[in-house]
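The chains referred to below are lettered A, B, ... by the order of the sequence lines, with proteins before strands, and numbering in each begins at 1. Given the structure is predicted, the values throughout are model-derived calculations rather than measurements.
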Amino acid sequence: MIRAVKGTRDLLPPSTEVWNSVEEAARRVFRAYNYREIRTPILEETQLFARGVGEETDIVTKEMYTFEDRDGSSLTLRPEATASVIRAYIEHRLDQRPGVQKLYYLGPMFRRERPQKGRYRQFFQIGAEAIGSESPFVDAEVIEMVMEFFRAIGLEGFQLLLNSVGCPKCRPVYIARLREELAKAAPSMCADCRRRVETNPLRVLDCKVPEDQPIVEALPSILDHLDPECRAHFDAVRQSLTDRGIAFELRPRLVRGLDYYMRTTFEVVHGALGAQNSVLGGGRYDGLAESLGSKVPAPGIGFSIGEDRLVMSLEETRGEEFKPQLCLFIAPLGERALRESALLARDLRRLGISVEIAADARLKRALELANKLAARYALILGEDEIASGKYTLKNMATGEQVSIAREELPARLGRG
RNA sequence: GUGGGUGUAGCUCAGCUUGGUAGAGCGUCGGAUUGUGGUUCCGAACGUCGCGGGUUCGAAUCCCGUCACCCACCCCA
């Protein structure tokens with residue numbers, strides 16, 4: 001038997017209904033913030049990610065789906081979308097368009113990791129980027145938009161974590177300071193941390209081993225090492241969030257795994273997701289365009305939402321609410337009735353009313369099916385009804401039946 | 001890449017310790033007479049017991065190998 005490849009999966013109804021309502025809500029909310037959709041290719045030149053995401057990151061060193069095209073060029077299935085969006089911004093000179101470029105995207109990303117709960121090799125992200133401004137006001141607005149989106153889909157029980165990771169000027173100073181401290185503390189820490197001291201000292205801050213926590217908490221905070229510009233930026237972001245009534249938790253030890261982040265970084269975590277509890281990651285990336293070879297600067301901030309994880313947490317708490325309903329189930333009795341119901345169904349469907357027809361079932365069987373499909377109404381269409389012109393409409397919830405003329409049906413059924 | 005767990009009907013699982021050629025619930029399909037669902041009752045279909053090898057008169061059950069899936073680490077969405 002041929003199966004879906006490891007780490008990929010089929011999304012089936014009724015789950016796809018949840019996916020659709022999540023995506024519809026995102027489009028609606030983002031549009032209200034004047035974001036518009038961008039669709040970039042799923043395939044890019046490998047160099048885009050190598051340079052954009054960072055040569056030394058885990059994504060680039062071991063997680064990319066990279067292959068050689070027939071002409072010998074190296075292509076990669078996108079592991080994330082920000083680099084592509086910036087590439088498109090540069091390529092199409094969007095900096096020449098008026099105002100801040102606000103773009104959103106949604107679609108599949110690919111990383112060749114070992115799958116586990118909430119982690120897939122093909123996974124879906126919904127993200128947005130605001131490019132062309134360094135203003136902390138934009139940072140706060142982007143975060144507010146995310147919060148409004150979560151509110152729109154009714155997500156609860158999440159936490160917004162906020163930090164600043166400084167900039168290429170002040171971060172190295174901090175990392176040097178961190179290394180000094182770690183040189184002393186590392187020997188008594190876990191094996192992973194001892195390794196991280198060499199590879200990526202910032203990651204030590206993210207250590208989850210309980211025994212290491214006292215040491216981690218005593219390490220110097222990056223927030224004490226921001227240079228004046230980064231400091232002012234971060235203060236302004238926090239002030240604007242407070243002005244907007246957005247609750248956040250300051251997490252000086254929040255670090256991100258992609259190289260391009262600077263200054264503001266944020267994350268949203270949700271319980272009931274297993275070990276992969278992060279549903280959103282985002283931050284500012286003012287230097288990304290230049291590292292992709294752009295002559296024009298493109299300071300920006302954005303986020304990406306792990307749609308798989310988001311849907312998972314929605315389904316955990318309120319999966320029932322997304323069950324779609326069938327409005328009308330038609331049970332035709334006999335050939336004439338079947339032909340008549342085809343025309344009736346088409347007319348109702350034109351009005352947006354969902355209709356199903358039992359093409360070949362006895363009445364009992366048809367009603368059984370109507371019940372299983374959770375139809376709100378069943379329409380019984382037999383010889384009597386055709387003769388009299390009055391159809392029998394049954395309310396499936398109450399069992400109540402009324403005799404109704406064809407013309408009255410749309411009003412009676414309402415929309416949907 | 002590393003560790004642990006699990007593979008038996010469409011789904012959820014029992015049976016495995018103490019080998020004797022497969023079960024339950026749900027679902028699907030049919031029936032309980034004429035054009036009335038949800039409840040109930042009766043019945044049916046569906047299994048190379050993940051795969052390969054070994055031990056044995058006999059293997060879902062014991063042994064070896066292998067594959068797949070899940071969870072966790074790493075890292076991230």
Each nucleotide of nucleotides 70-77 of chain B classed B (base within 4.0 Å of a protein heavy atom), S (only sugar-phosphate) or -, in 5' to 3' order, makes -SBBBBBB
Nucleotide-resolved protein contact map, nucleotides 40-49 of chain B, B/S/- at heavy-atom distance under 4.0 Å: ----------
Among residues two or more places apart or on two chains, list those pairs meeting ring-ring contact (aromatic ring centres under 6.0 Å, His included) that have a residue in residues 163-207 of chain A.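 Output for this query lists A:Tyr174-A:His225.
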In the structure shown, which nucleotide is the Watson-Crick or G-U wobble counterpart of [N], with both distances under 3.5 Å?
| N | answer |
| --- | --- |
| B:G43 | B:C29 |
| B:U34 | none |
| B:C69 | B:G5 |
| B:U12 | B:A24 |
| B:C76 | none |
| B:C62 | B:G54 |

side-chain hydrogen bond (donor to acceptor under 3.5 Å, both in side chains) with [X]: which residues, sequence neighbours excluded?
| X | value |
| --- | --- |
| A:Arg412 | none |
| A:Glu340 | A:Tyr391, A:Arg406 |
| A:Thr66 | A:Thr76 |
| A:Arg87 | A:Glu44, A:Glu91 |

Provide the distance between the two [atom1] atoms, one in [N] and one in [M], to the nearest whole Å.
| N | M | atom1 | value |
| --- | --- | --- | --- |
| B:C63 | B:U6 | P | 13 Å |
| B:C11 | B:U28 | C1' | 11 Å |
| B:C29 | B:C67 | P | 40 Å |
| B:G53 | B:C41 | P | 45 Å |
| B:U17 | B:G50 | P | 15 Å |
| B:A9 | B:A72 | C1' | 31 Å |
| B:A24 | B:A44 | P | 11 Å |
| B:A68 | B:A32 | C1' | 45 Å |

Please determine if A:Glu24 and A:Arg27 form a salt bridge, counting it only when a charged side-chain N lies under 4.0 Å from a carboxylate O.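 A salt bridge is absent here (no side-chain N lies under 4.0 Å from a carboxylate O).
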Side-chain ion pair, A:Glu181 and A:Arg177, N-O less than 4.0 Å: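 Between A:Arg177 and A:Glu181 there is a salt bridge, with a charged N closer than 4.0 Å to a carboxylate O.
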Side chains of residues 6-16 of chain A: which donor-acceptor pairs under 3.5 Å do they make with residues two or more places apart or in other chains?
from: A:Thr8; atom 1: OG1; to: A:Val5; atom 2: N; distance (Å): 3.3
from: A:Thr8; atom 1: OG1; to: A:Val5; atom 2: O; distance (Å): 2.7
from: A:Arg9; atom 1: NH1; to: A:Tyr120; atom 2: OH; distance (Å): 3.4
from: A:Arg9; atom 1: NH2; to: A:Asp308; atom 2: OD2; distance (Å): 2.8
from: A:Ser15; atom 1: OG; to: A:Glu315; atom 2: OE2; distance (Å): 3.1

Residue set satisfying side chain to side chain contact (heavy atoms under 4.5 Å, CB included) with A:Thr242, at least two apart, ordered chain then number -> A:Phe248
Output all residues satisfying side chain to side chain contact (heavy atoms under 4.5 Å, CB included) with A:Pro108, sequence neighbours left out; order by chain, then residue number.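 Expected list: A:Ile42, A:Arg78, A:Phe110, A:Gln122, A:Phe124.
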How are the rings of A:Phe30 and A:Tyr35 set to each other: parallel, tilted or perpendicular (split at 30° and 60°)?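 Answer is tilted, since the angle falls between 30° and 60°.
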Protein and nucleotides 34-39 of chain B: nitrogen or oxygen contacts under 3.5 angstrom:
from: B:G35; atom 1: O6; to: A:Asp384; atom 2: N; distance (Å): 3.1
from: B:G35; atom 1: O6; to: A:Asp384; atom 2: OD1; distance (Å): 3.2
from: B:G35; atom 1: O6; to: A:Asp384; atom 2: OD2; distance (Å): 2.9
from: B:G35; atom 1: N1; to: A:Glu385; atom 2: OE1; distance (Å): 3.0
from: B:G35; atom 1: N1; to: A:Glu385; atom 2: OE2; distance (Å): 3.3
from: B:G35; atom 1: N2; to: A:Glu385; atom 2: OE2; distance (Å): 2.7
from: B:U36; atom 1: O2; to: A:Lys394; atom 2: NZ; distance (Å): 2.9
from: B:U36; atom 1: O2; to: A:Gln401; atom 2: OE1; distance (Å): 2.7
from: B:U36; atom 1: N3; to: A:Gln401; atom 2: OE1; distance (Å): 2.5
from: B:U36; atom 1: N3; to: A:Gln401; atom 2: NE2; distance (Å): 3.4
from: B:U36; atom 1: O4; to: A:Gln401; atom 2: NE2; distance (Å): 3.4
from: B:G37; atom 1: O6; to: A:Gly399; atom 2: N; distance (Å): 3.4
from: B:G37; atom 1: N1; to: A:Met396; atom 2: O; distance (Å): 2.4
from: B:G37; atom 1: N2; to: A:Asn371; atom 2: OD1; distance (Å): 2.8
from: B:G37; atom 1: N2; to: A:Met396; atom 2: O; distance (Å): 2.5
from: B:G37; atom 1: N3; to: A:Asn371; atom 2: OD1; distance (Å): 3.4
from: B:G38; atom 1: O4'; to: A:Asn371; atom 2: ND2; distance (Å): 2.9
from: B:G38; atom 1: N2; to: A:Met396; atom 2: O; distance (Å): 3.4
from: B:G38; atom 1: N2; to: A:Ala397; atom 2: O; distance (Å): 3.0

List for me each residue that meets salt bridge (Lys or Arg N to Asp or Glu O under 4.0 Å) alongside A:Arg31, sequence neighbours excluded, and say none if there are none. none
